[in-house]
Structures are given as structure tokens and as C-alpha cells.
Amino acid sequence: MKKALITGITGQDGYYLTKLLLKKGYEVHGIVRRNSQNSIGNLRYLSEEEREQITLHWGDITDNLFIDNVMKTVQPDEVYHLAAQSFVGFSFENPKFTYDVNIGGTLNMVNAVKEYSPSSRFYFAATSELYGKVQEVPQRETTPFYPRSPYGVSKLAGFWTVKNYRESYDLFMSNGILFNHESPMRGPEFVTRKITLAVARIYYNLQDCLELGNLNAKRDWGFAGDYVYGMWKMLQHSKPDDFVLATNETHTVREFAEEAFKVVGIDIEWEGEGVNEIGRDANSGKILVKVNPKYFRPCEVDLLIGDYSKAKRELGWEPKTKFKDLVKMMVEADLERVANGLKG
Ligand code: NAP
Ligand code: G4F
């Protein structure tokens, strides 16, 4: 039985990856930070049977003694390093914390592999945020990087740390340059989930209006369930390497919101510009979307669209879920959650 160690197991990707690896018969170990509620994040949505099969190790990736110990004890065949301060907006307010977790934590992970489990195959969650102010459209593995946030800079350091350990010590370490991927397990602070949750709450008259920042930002949004399969494929490959996973489609935040309201039968009509732009229910005229500058970022990534042809060619990976189906899946999940909440 293969053993996998997942950092960030309580997050969105941790949830889908755990399900995938259990289905494939892996022994799954996960690192979880202690909190006062003993909360296990998205793992609460696993079945009891699935939860019972996971071994949790309680600690923080910034603690190298703890990480060394876990690596020595578990001796995993595969390590999926997903843990990070992953919210770009928050990284502008807390750059030091973001660097400590994303750079320091990643260094602790690769070093523990080198010292205590050098035959482990290692996956690092790099990101399309490395491309930031894009130097080429679409973005591929060879596109020059230009990060635009403390988060992007921290992940760039992680990317090069992984590549440097791979080349210096002959370790199997791969970078997944993943474009935005979403799901009903997405944190509610990210724009897609913020929108789908608001649509559900507006539908049930629990909220009047949705406030957003930059409606013009374009993202290449895929489904997290498809992307964790790509992570796994990277570690089954004949050699360690860096791969883009994306859909090769891009949509504005405005389009995502429009599509989400459509799922509950509401057509949005836009009027005005910039901070004065609003979205009205085309039927009732009610204002449902407003712009609030507090959600603008000091530096924005305007356009992301990825070219995943290398992953397709070398790993046989392709995204399966289309944009409209992703939006529908997320709105329907939030409608159900909100309705269940109303029932008590
Ligand atoms: P997420 O939902 O925010 O999950 C992040 C995970 O990291 C959580 O389990 C969190 O634990 C854990 N974590 C944070 N700081 C930690 C620390 N100091 N010690 C131990 N655990 C810590 O992120 P995601 O969307 O699943 O993304 C997974 C990874 O892929 C992240 O590294 C992210 O930066 C990267 N990425 C994501 C996307 C995307 O679109 N989703 C795209 C490219 C790259 P708590 O539950 O305790 O907070
Ligand atoms: O949903 P977001 O916060 O995701 P962002 O910044 O693209 O980062 C996500 O994807 C990265 C991959 O490219 C990951 F590495 C990272 O960990 C994370 O998962 O924002 C998307 C866009 C931005 O342009 C933002 O300015 O939506 C815009 N936006 C507009 N209004 C908003 C809002 N973002 C948020 N979070 N909240 C708003 O109200």
C-alpha cells in the first residue's frame, strides 16, 4: 500500500486529493494545524468511513522540528505540499506572515524530504499567480514570471526552492503551476464562492446585495476535482518536472456573477462604470451587485489564461468540467447549504 503525506489537507484541494488517494488505496497522512475548536476544515465533509482511514499529525509547517519528525516517522512514498497562506488579498496586509508560511514552510518541507525521506516524490502547489503581470498570452511553463503580490512572490520563492532542491540533490520534486480552481469546498473569501454563496442567500432573501471589487479581472477557472488528479499524475510521471494545469478559457468576474445569478433564474443588467457600476435584476430592477473599492488590490493580476498542452501531452491530463457546469455546481451546493441552514 502506497503512503501519501498531505499538508493543507483541511483545505479545498486537500479534501479532493484525500478522496482521490483513498479511492486509489493509499494510506493517507495529513498535517493539520491545531486550533481552539479542533476544527478539521473540509475533512468534515468526508464520510465517517473515509475520515477513519486518515492519520492526522497535528502541527504547523513553519515548525521544522515537527516537520522533520513527521517525515522520519511516516516515510511517505508521495508528499503533496498544499499548505499555504493562499489568499492573495490577505497577503498585502500580512506579507511577513505570508512569507513565513509559504517560503519558510516550503523550505522545511523540502529539507525534511532531503534529510529524512529522499526517496519520497514531492509535489509543490505553485500557482498561475507567478505570471502576475503576464508577459505572454496564454501562459505556459516557459512564460517569464512577474508576480504581483506578496503571495505571488512567496510562491515564486517556493517554486525555485523546489527546482533548486531537485537539481542539487537529485530529488523527485515537481511544481504544479495551477490556474484558479474552484468547487463547493472553496473558502468563502475567494471571489467565486463569495458570489455563489451570495446568490444563494439573495435567493432565500437573507442578503440584499453582493459587493465586489474589480469586475474586469479575468481568470482561467477550473474544477478542483479535476486538478488534484493532475497533481497525482505529476507524481506518477517518469521524471520530476513543472506543469501548467488550466482550462485555456478565461472569464471576467462580471461573467462569473452573471452566470451564477442565471442559475437561480435572474438575468443581470449592468449599468455605469468603474466604482459606479451596478448590476440590476433585469425583471425587478433591484440592485443586486455593487462595486466596493475596499475589495480592490494594490496591484492586480488582470488576465490569466493557461496553456495546458504539456500536461496533456506528457501526463495525459485534461480538464473535464466546463465553466458553466462549475458555476452551476457551486450555486446548487450553496443553495442546498443555505436551505439546510434555514431548516436549522
Ligand atoms: P486552501 O483551501 O486555502 O487550503 C490551505 C491549507 O493550508 C489549509 O488546509 C490550511 O489549514 C493549511 N495551512 C495554512 N497555513 C498552514 C500552516 N502554517 N501550517 C499547516 N497548515 C497550514 O487552499 P487550496 O485552494 O486548497 O489550495 C491548495 C494549495 O494550492 C495552496 O498552496 C494554494 O496556494 C495553491 N494554489 C491554489 C489554487 C486555487 O485556485 N485553489 C491555484 C494555485 C495554487 P487551515 O484549515 O488550518 O487554515
Ligand atoms: O478569488 P480570488 O481571491 O483569487 P486569486 O487572487 O486569483 O487567487 C486564487 O487563485 C490563485 C491562482 O491564480 C491561487 F494561487 C491563490 O491561492 C487563490 O486560490 O480573486 C480573483 C479575482 C481577483 O482579480 C480579485 O481582485 O477576483 C477579483 N475580485 C473582485 N472582487 C475579488 C472580489 N476577489 C475577492 N476575493 N473578493 C472580491 O470581492
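One is the number of the first residue; the rest follow in order along the sequence. Each ligand, and each atom within it, is numbered from 1 in the order the structure gives.
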For [X], does the [atom1] atom sit with more than 12 other heavy atoms under 6.0 Å from it, leaving out its own atoms?
X: Lys328; atom1: NZ; result: no
X: Lys324; atom1: NZ; result: no
X: Glu115; atom1: CD; result: yes

Under 3.5 Å between some N or O of ligand 1 and some N or O of [X]?
X: Leu82; result: yes
X: Gln85; result: no
X: Thr10; result: yes
X: Ala84; result: yes

Protein heavy atom at shortest distance from [atom]:
atom: atom 27 (O) of ligand 1; value: Asp13 OD2, 3.6 Å
atom: atom 43 (C) of ligand 1; value: Leu178 O, 3.1 Å
atom: atom 48 (O) of ligand 1; value: Arg33 NH2, 2.7 Å
atom: atom 2 (O) of ligand 1; value: Gln12 N, 3.0 Å
atom: atom 3 (O) of ligand 1; value: Ser86 OG, 2.6 Å
atom: atom 37 (C) of ligand 1; value: His181 CE1, 3.9 Å
atom: atom 19 (N) of ligand 1; value: Ile61 N, 3.1 Å
atom: atom 33 (C) of ligand 1; value: Tyr151 OH, 3.6 Å

If we count only N and O atoms by modelled type, under 3.5 Å, do the side chains of Thr321 and Asp226 hold a donor and an acceptor together?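 Distance-only check passes for Thr321 and Asp226.
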Side-chain donor-acceptor pair under 3.5 Å between Asn102 and Gln85, yes or no?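 Short answer, no.
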Look at ligand 1 and say whether [X] reaches it with a heavy atom at a distance under 4.0 Å.
X: Gly41; result: no
X: Tyr227; result: no
X: Met185; result: no

Shortest heavy-atom approach to atom 25 (O) of ligand 1 - which of Arg186, Glu129, Arg34: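 Of the listed residues, Arg186 has the closest heavy atom.
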Please name the pair of heavy atoms, one in Tyr80 and one in Ala4, separated by the smallest distance, quoted to 0.1 Å.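 Smallest heavy-atom distance, with atoms named: CE1-CB, 4.2 Å.
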Cation over ring, [X] on [Y], under 6.0 Å and within 45°?
X: Arg186; Y: Phe190; result: yes
X: Arg337; Y: Tyr45; result: yes
X: Lys312; Y: Trp317; result: no

Using the six-membered ring wherever Trp is involved, compare the ring planes of His251 and Phe323 and label them parallel, tilted or perpendicular (cut-offs 30° and 60°).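 Judged by the thresholds at 30° and 60°, the geometry between His251 and Phe323 is parallel.
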The test is side chain to side chain contact (heavy atoms under 4.5 Å, CB included); show your working for Ile67 and Ile61 and say whether it passes. CA-CA 6 Å; Ile67 294 298; Ile61 58 161; 4.1 Å; yes
With Phe243 via ring pair (Phe, Tyr, Trp, His ring centres under 6.0 Å) - residues at least two apart: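 For Phe243 the ring pair (Phe, Tyr, Trp, His ring centres under 6.0 Å) partners, ignoring immediate neighbours, are His237.
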Pairing of Lys2 and Glu78 as salt bridge, 4.0 angstrom limit: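 Looking at Glu78 together with Lys2, the answer is yes, because their closest N to O distance falls below 4.0 Å.
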Is it possible for you to say whether Leu5 and Phe66 belong to one hydrophobic cluster, with membership spreading through side-chain heavy-atom contacts below 4.5 Å?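 Yes.
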Which of the ligand 1 atoms, numbered from 1, are nearer than 4.0 Å to a heavy atom of [X]:
X: Asn180; result: 40 (O)
X: Ala125; result: 29 (C), 30 (O), 32 (O), 35 (C)
X: Ala126; result: 43 (C), 44 (C)
X: Thr127; result: 43 (C), 44 (C)
X: Asp60; result: 17 (C), 18 (N), 19 (N)

Hey, is Phe87 touching ligand 1 through its side chain, its backbone, both or neither, going by heavy atoms under 4.0 Å?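 Near ligand 1, Phe87 shows nothing, with every heavy atom at 4.0 Å or more.
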Side chains of residues 285-296: which donor-acceptor partners sit under 3.5 Å, not counting sequence neighbours?
| from | atom 1 | to | atom 2 | distance (Å) |
| --- | --- | --- | --- | --- |
| Asn292 | OD1 | Lys294 | N | 3.0 |
| Asn292 | ND2 | Glu211 | OE1 | 2.8 |

Under a 3.5 Å threshold, I'd like every N/O contact between ligand 2 and protein atoms, with atom names and distance.
| from | atom 1 | to | atom 2 | distance (Å) |
| --- | --- | --- | --- | --- |
| ligand 2 | 1 (O) | Val191 | N | 2.8 |
| ligand 2 | 3 (O) | Arg297 | NH2 | 2.8 |
| ligand 2 | 6 (O) | Arg297 | NH1 | 2.6 |
| ligand 2 | 7 (O) | Asn180 | ND2 | 2.9 |
| ligand 2 | 7 (O) | Arg219 | NE | 2.8 |
| ligand 2 | 10 (O) | Asn180 | ND2 | 3.0 |
| ligand 2 | 13 (O) | Ser128 | OG | 2.6 |
| ligand 2 | 13 (O) | Asn180 | OD1 | 2.7 |
| ligand 2 | 17 (O) | Ser86 | O | 2.7 |
| ligand 2 | 17 (O) | Tyr151 | OH | 2.8 |
| ligand 2 | 19 (O) | Arg186 | NH1 | 3.1 |
| ligand 2 | 19 (O) | Arg186 | NH2 | 2.9 |
| ligand 2 | 24 (O) | Arg219 | NH2 | 3.0 |
| ligand 2 | 24 (O) | Glu300 | OE1 | 2.9 |
| ligand 2 | 24 (O) | Glu300 | OE2 | 3.0 |
| ligand 2 | 26 (O) | Glu300 | OE2 | 2.6 |
| ligand 2 | 31 (N) | Gly213 | N | 2.8 |
| ligand 2 | 36 (N) | Glu189 | O | 2.9 |
| ligand 2 | 39 (O) | Lys194 | NZ | 2.7 |

Show me the donor-acceptor pairs within less than 3.5 Å that the side chains of residues 157-166 make with the rest of the protein, sequence neighbours left out.
| from | atom 1 | to | atom 2 | distance (Å) |
| --- | --- | --- | --- | --- |
| Thr161 | OG1 | Ala157 | O | 2.6 |
| Lys163 | NZ | Asp242 | OD2 | 3.4 |
| Tyr165 | OH | Asn111 | OD1 | 2.6 |
| Arg166 | NH1 | Met173 | O | 2.8 |
| Arg166 | NH1 | Asp242 | OD1 | 2.9 |
| Arg166 | NH2 | Asp242 | OD1 | 3.4 |
| Arg166 | NH2 | Asp242 | OD2 | 3.2 |

Does the side chain to side chain contact (heavy atoms under 4.5 Å, CB included) test come out yes or no for Leu304 and Lys218, once each step is laid out? CA-CA 6 Å; Leu304 289 175; Lys218 288 179 135 184; over 6 Å; no
